[in-house]
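One structure is given here, and the rest of the page talks about it.
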Amino acid sequence: MSQARHSTARSLAAHAVLILYTAIALFPVFVVVINSFKNRRAIFADPLAVPGPESFDLVGYRTVLAQGDFVLYFQNSLIVTVASLFFVLLFGAMAAFALSEYRFRGNMLMGLYLALGIMIPIRLGTVAILQMMVASGLVNTLTALVLVYTAQGLPLAVFILSEFMRGVSDDLKNAGRIDGLSEYTIFFRLVLPLVRPAMATVAVFTMIPIWNDLWFPLILAPSEATKTVTLGSQVFIGQFVTNWNAVLAALSLAILPVLVLYLIFSRQLIRGITAGAVK
Amino acid sequence: MGALTLTQVTKSFGATQVIKGVDLAVEDGEFCVFVGPSGCGKSTLLRMIAGLEDVTSGDVAIDGARVNDLAPARREIAMVFQSYALYPHLTVRDNMGLALKQAGTPRAQIEAATGKAAEMLALDHLLERRPAELSGGQRQRVAIGRAIVRRPKLFLFDEPLSNLDAALRVQTRIEIARLHRELGATMIYVTHDQVEAMTLADKIVVLRGGVVEQVGRPMDLYNDPDNTFVAGFIGSPQMNFLDAGKLGLNSDRLGIRPEHLTPGGGQISGRVSHVEKLGGETLVYLSSEDHGLLTVRLFGERDYAVDEVVGLGFEPNRAFHFDAQGRRLR
Ligand SMILES: Nc1ncnc2c1ncn2[C@@H]1O[C@H](COP(=O)(O)OP(=O)(O)OP(=O)(O)O)[C@@H](O)[C@H]1O
Ligand SMILES: [Mg+2]
């Protein structure tokens with residue numbers, strides 16, 4: 001009996017900690033969302049109040065949808081994020097497979113070199129990247145952003161995925177080789193499905209900084225046609241006046257797509273724990 | 001079809017040599033078992049035969065044709081792994097049929113081959129399941145079925161029964177023996193289980209540290225070991241090694257199997273340290289001042305008290321003489 005009570009107490013404590021953490025983490029998001037539905041005066045008068053009949057106002061959303069081309073900005077952000085994510089996962093997984101599966105000279109060094117990017121921020125190379133993009137005529141294109149983000153996401157992807165791939169049964173890959181599967185089939189059909197939870201983790205960690213980034217869109221692709229959502233929202237933040245309604249509305253809208261992507265991946269994360277052929 | 005020849009085969013991982021020059025001939029239809037302590041290179045040698053590891057030097061030949069540079073899939077072999085290694089995303093039927101499908105065999109022929117293999121292994125009712133929905137024993141039977149379907153020249157088994165429980169192990173062992181008889185195929189089987197080696201093998205290869213210690217039929221290794229390693233490795237409980245000098249003999253060590261030591265007689269004496277009664281037989285462990293720990297195997301149920309002093313005798317013609325290097329003196 002005391003054992004059972006003890007564990008109930010423990011799980012209550014654990015839940016209390018988790019709920020507290022969730023509350024702290026969600027609080028800023030909550031404040032942003034509720035204020036996006038209020039008029040300007042109400043935002044400043046009582047920022048923590050939920051919108052009531054008096055303070056409720058959709059002016060922020062109207063401004064956002066009226067000014068600038070927000071649909072286009074969203075589209076740009078989505079294209080950049082999804083394309084970068086695709087390349088990071090594809091190339092990251094391929095490099096990780098090579099590093100974990102094949103013995104070749106310099107394997108260790110190559111692994112270290114590829115992981116180095118985790119420690120060195122890519123922004124240090126901004127000037128050189130900009131020069132390169134200018135030289136290759138890629139300034140003000142989404143391609144420039146996709147290339148940079150792919151480079152930025154690869155180190156962590158290679159690092160995490162190669163650890164996971166080392167864990168995939170050698171016997172399974174060897175069985176495939178004996179049955180005449182090509183290395184590509186072994187990679188795509190046998191190994192990738194087994195590391196799906198790791199892929200989902202990498203996807204989430206890669207996607208969020210890309211979606212939220214302001215730096216590279218501002219430097220590499222500030223033109224109207226290539227603006228991303230974060231950059232597009234900046235028009236409402238002026239040096240002297242800031243249109244808070246519009247900023248908050250834009251930010252609230254910007255949460256949605258990334259939330260959808262996250263939900264997709266986290267489902268994979270849970271479902272992906274494969275019950276395999278390996279006992 | 002299905003003879004295997006290894007000629008001075010070696011394998012190095014970096015600077016460490018793991019297989020140190022192995023010569024071996026396995027004849028068509030033979031059941032050959034590799035035994036040896038953990039880490040001696042059994043799996044590595046098997047994987048070299050399969051083509052999953054490169055050969056550092058020497059030649060591997062199947063049916064007289066050198067296959068060193070041939071991809072695993074082109075060597076006409078099949079392999080069964082300890083961890084089963086079934087494809088998790090395919091049904092039992094597709095698992096078994098995959099190799100033929102890769103080779104471009106017509107569909108009807110694949111169906112026939114999987115059907116026949118499934119029938120042989122009593123897997124008919126499981127064909128539509130996925131590996132995750134099978135028990136350990138069933139998975140291993142599917143893995144064996146997958147090997148049969150290909151009609152390979154050479155079957156390779158790497159400790160296929162080690163993940164199964166004792167009863168299932170016996171049953172699957174008998175099944176493998178039956179398959180060997182029915183298919184008449186050449187099989188190479190790695191194990192460190194004595195009983196599997198003795199009961200299945202036409203030929204046992206004893207390996208130690210990447211070197212072949214002795215090759216022979218099970219009873220030849222048992223009755224005529226070349227050195228103390230083979231003598232100690234084959235047979236359970238282990239052979240006793242006595243100090244020959246203390247017995248007034250001119251070899252270095254004397255090997256006597258536990259069943260060939262008999263109570264009574266006074267050449268050797270020891271104090272009983274432990275008794276194990278197994279019903280059909282009794283194992284008595286004695287410690288002797290001259291020879292260290294000795295094991296005696298007696299038929300039936302016997303009563304001995306711990307600390308009792310027992311005299312032992314042996315038939316000289318059932319004892320093996322070894323020199324100081326462990327080599328057999330004949
Ligand atoms: N990829 C590798 N790189 C380096 N050393 C290896 C590699 N594979 C095996 N070895 C070494 O080769 C030796 C033989 O290994 P192997 O797996 O063939 O042993 P084994 O006889 O099958 O042992 P067990 O009975 O435990 O399965 C071991 O010492 C092992 O450490
Ligand atoms: Mg092994």
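Just so we're on the same page: letters track the sequence lines, and every chain starts at 1.
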>> A quick test of your reading: do over 12 heavy atoms of other residues, nucleotides or ligands sit less than 6.0 Å from CZ of A/Arg189?
In response: no
>> Counting neighbours of CZ on A/Phe159 that are heavy atoms of other residues, nucleotides or ligands and sit closer than 6.0 Å, is the number greater than 12?
In response: no
>> Within the 4.5 Å heavy-atom criterion, are B/Ser83 and A/Asp170 side-chain neighbours or not?
In response: no
>> Counting heavy-atom pairs under 4.5 Å with chain A, which one of B/Glu133, B/Arg146, B/Gln82 comes out on top?
In response: B/Arg146
>> Does any backbone or side-chain atom of B/Arg130 lie under 4.5 Å from a heavy atom of chain A? Answer side chain, backbone, both or neither.
In response: neither
>> Counting only heavy atoms from other residues, nucleotides and ligands, does the tally under 6.0 Å from NE2 of A/His15 exceed 12?
In response: no
>> What residues of residues 70-80 of chain B make heavy-atom contacts with chain A at a cutoff under 4.5 angstrom?
In response: B/Pro72, B/Ala73, B/Ile77, B/Ala78, B/Met79
> Using a heavy-atom distance cut-off of less than 4.5 Å, which residues of residues 58-68 of chain B contact chain A?
Replying inline: none
> How about residues 96-120 of chain B versus chain A: which residues have heavy atoms under 4.5 Å apart?
Replying inline: B/Leu98, B/Ala99, B/Gln102
>> Donor-acceptor check, side chain of B/Tyr87 to backbone of A/Ala175, threshold 3.5 angstrom: yes or no?
In response: yes
> How long is the span from the CZ atom in B/Phe81 to the CD1 atom in A/Ile178, to the nearest 0.5 Å?
Replying inline: 4.5 Å
>> Taking every non-hydrogen pair under 4.5 Å, which of A/Leu181, A/Leu190, A/Asp179 racks up the most with chain B?
In response: A/Asp179
>> Could you check whether atom CZ of A/Phe187 has more than 12 heavy atoms from other residues, nucleotides or ligands sitting under 6.0 Å from it?
In response: yes
> Could you name the residues of residues 99-110 of chain A that have a heavy atom within less than 4.5 Å of a heavy atom in chain B?
Replying inline: A/Arg103
>> Does B/Phe13, at its CZ atom, have more than 12 non-hydrogen atoms belonging to other residues, nucleotides or ligands within less than 6.0 Å?
In response: yes
